[in-house]
Amino acid sequence: QVHLVESGGGSVQAGGSLRLSCSGYGSGPKRVAWFRQAPAKVREGVASIYTDDTYNNAGIYYDDSVKDRFTISQDNAKNTAYLQMNGLKPEDTAMYYCAADFDGGRPLDATRYKYWGQGTQVTVSS
């Protein structure tokens, strides 16, 4: 059974860093993604990764707004995915969600994922 749990959120000043963790998606190759949702805004895809080391990072996708600042990774031994966020900006402030069980299509499309965590809040002050 999939039970996603996110951790690592917090409050930082602009330019700071945070690392989010997502566990509970179980073993075996699958696609895991990070999404975020700010108040009164739609949920948007941030990054996605395929949890299979033999895929050789070919299955990583980023939203343009976070490219070169965020890095998604995964540890198969721990069945945990990470989102390293550097150079944080106030516009990165949102609730960040982990999602798993992707049924195909665009990897950053929230409607393509079945399981979701409860979210972890990220707040960036200027």
Side-chain angles (χ1 to χ4, degrees):
Q1 185 172 352
V2 176
H3 177 61
L4 301 177
V5 178
E6 304 97 335
S7 63
S11 297
V12 296
Q13 291 191 326
S17 299
L18 286 171
R19 188 176 82 154
L20 307 183
S21 299
C22 170
S23 60
Y25 51 78
S27 58
K30 58 180 59 72
R31 180 162 292 284
V32 177
W34 287 96
F35 291 81
R36 65 186 180 186
Q37 188 167 17
K41 291 191 175 181
V42 298
R43 189 168 297 189
E44 60 178 7
V46 176
S48 179
I49 189 168
Y50 195 66
T51 64
D52 183 344
D53 288 339
T54 62
Y55 217 70
N56 200 28
N57 290 333
I60 290 179
Y61 296 83
Y62 293 103
D63 183 76
D64 286 344
S65 65
V66 306
K67 273 182 182 176
D68 301 323
R69 298 189 299 124
F70 291 9
T71 302
I72 190 170
S73 62
Q74 54 87 19
D75 184 333
N76 275 335
K78 297 180 179 179
N79 291 328
T80 299
Y82 303 96
L83 185 68
Q84 177 66 44
M85 305 186 294
N86 299 327
L88 283 162
K89 304 175 181 180
E91 51 264 44
D92 294 318
T93 295
M95 185 71 80
Y96 282 71
Y97 298 91
C98 178
D101 199 353
F102 173 70
D103 66 0
R106 293 190 302 113
L108 296 182
D109 182 348
T111 67
R112 312 310 303 183
Y113 291 85
K114 180 177 180 181
Y115 296 106
W116 293 83
Q118 293 299 306
T120 185
Q121 178 68 37
V122 171
T123 303
V124 185
S125 57
S126 57

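All heavy atoms count here, side chains included; hydrogens, waters and symmetry mates do not.
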**Student:** Nearest 0.5 angstrom please: Thr123 OG1 to Met95 CE, how far?
**Tutor:** 8.5 Å
**Student:** I'd like to know whether the aromatic ring centres of Phe70 and Trp34 sit less than 6.0 Å apart in this structure.
**Tutor:** no
**Student:** What's the spacing between Arg19 CZ and Ser7 OG if we round to 0.5 Å?
**Tutor:** 9.0 Å
**Student:** Within this structure, what is the OG-CG distance for the pair Ser11 and Leu88, rounded to the nearest 0.5 Å?
**Tutor:** 11.0 Å
**Student:** Under a 4.5 Å cut-off applied to non-hydrogen side-chain atoms, are Cys22 and Leu4 in contact?
**Tutor:** yes
**Student:** With rounding to the nearest 0.5 angstrom, report the CD to CG distance, Glu44 to Leu108.
**Tutor:** 10.0 Å
**Student:** Can you name the nearest heavy-atom pair linking Pro90 to Ser126, along with the distance?
**Tutor:** CG-CB, 3.9 Å
**Student:** Do Arg31 and Arg112 have side-chain heavy atoms sitting under 4.5 Å apart?
**Tutor:** no
**Student:** Does a sphere of radius 6.0 Å around CD in Glu91 hold more than 12 heavy atoms from other residues, nucleotides or ligands, not counting ones at 6.0 Å or beyond?
**Tutor:** yes
**Student:** What is the ring orientation for Phe102 with Tyr113, classed by angle as parallel under 30°, tilted 30 to 60°, or perpendicular over 60°?
**Tutor:** tilted
**Student:** For the atom pair OG (Ser73) and CD (Gln84), what is the distance rounded to the nearest 0.5 Å?
**Tutor:** 8.0 Å
**Student:** Looking at Gly9 and Leu20, what are the two nearest heavy atoms and their distance?
**Tutor:** N-CD2, 3.6 Å
**Student:** Taking the side chain as every heavy atom from C-beta outward, state whether Leu18 and Val122 have any atom pair closer than 4.5 Å.
**Tutor:** yes
**Student:** Can a donor-acceptor pair be found, under 3.5 Å and without considering hydrogens, that links the side chain of Glu6 to the backbone of Cys98?
**Tutor:** yes
**Student:** May I ask you to say whether Lys67 pairs ionically with Asp64, meaning some side-chain N is under 4.0 Å from a carboxylate O?
**Tutor:** yes
**Student:** Output the distance between atom OH (Tyr61) and atom CD1 (Ile72), rounded to the nearest 0.5 Å.
**Tutor:** 12.0 Å
**Student:** Quick one about Arg36 and Ser65 (side-chain donor to acceptor, distance below 3.5 Å, no hydrogens or angles considered), yes or no?
**Tutor:** yes
**Student:** Between Val32 and Ala100, which heavy-atom pair has the shortest distance, and what is it?
**Tutor:** CG2-CB, 4.4 Å
**Student:** Locate the shortest heavy-atom distance separating Asp92 from Gly87; write the atom from each residue and the value.
**Tutor:** OD2-O, 4.4 Å
**Student:** A side-chain contact here means heavy atoms from C-beta on lying under 4.5 Å apart; do Asp63 and Val46 qualify?
**Tutor:** no
**Student:** Are the side chain of Thr120 and the backbone of Tyr96 linked by a donor-acceptor contact shorter than 3.5 Å?
**Tutor:** no
**Student:** If you look at every heavy atom in Trp116 and Arg43, which pair is closest and at what distance?
**Tutor:** CE3-NH1, 3.2 Å
**Student:** In this structure, would Tyr82 and Tyr62 fall into the same cluster of hydrophobic residues linked by side-chain contacts under 4.5 Å?
**Tutor:** no
**Student:** In this structure, are over 12 heavy atoms from other groups packed under 6.0 Å from Asp103 atom CG?
**Tutor:** yes
**Student:** Please name the pair of heavy atoms, one in Asn76 and one in Asn79, separated by the smallest distance, quoted to 0.1 Å.
**Tutor:** O-OD1, 3.1 Å
**Student:** Does any N or O in the side chain of Thr80 come within less than 3.5 Å of the main-chain N or O of Asp75, such that one atom is a donor and the other an acceptor?
**Tutor:** no
**Student:** State plainly whether one hydrophobic cluster holds both Leu83 and Ile49, where clusters connect Ile, Leu, Val, Met, Phe, Trp and Tyr through side-chain heavy atoms under 4.5 angstrom apart.
**Tutor:** yes
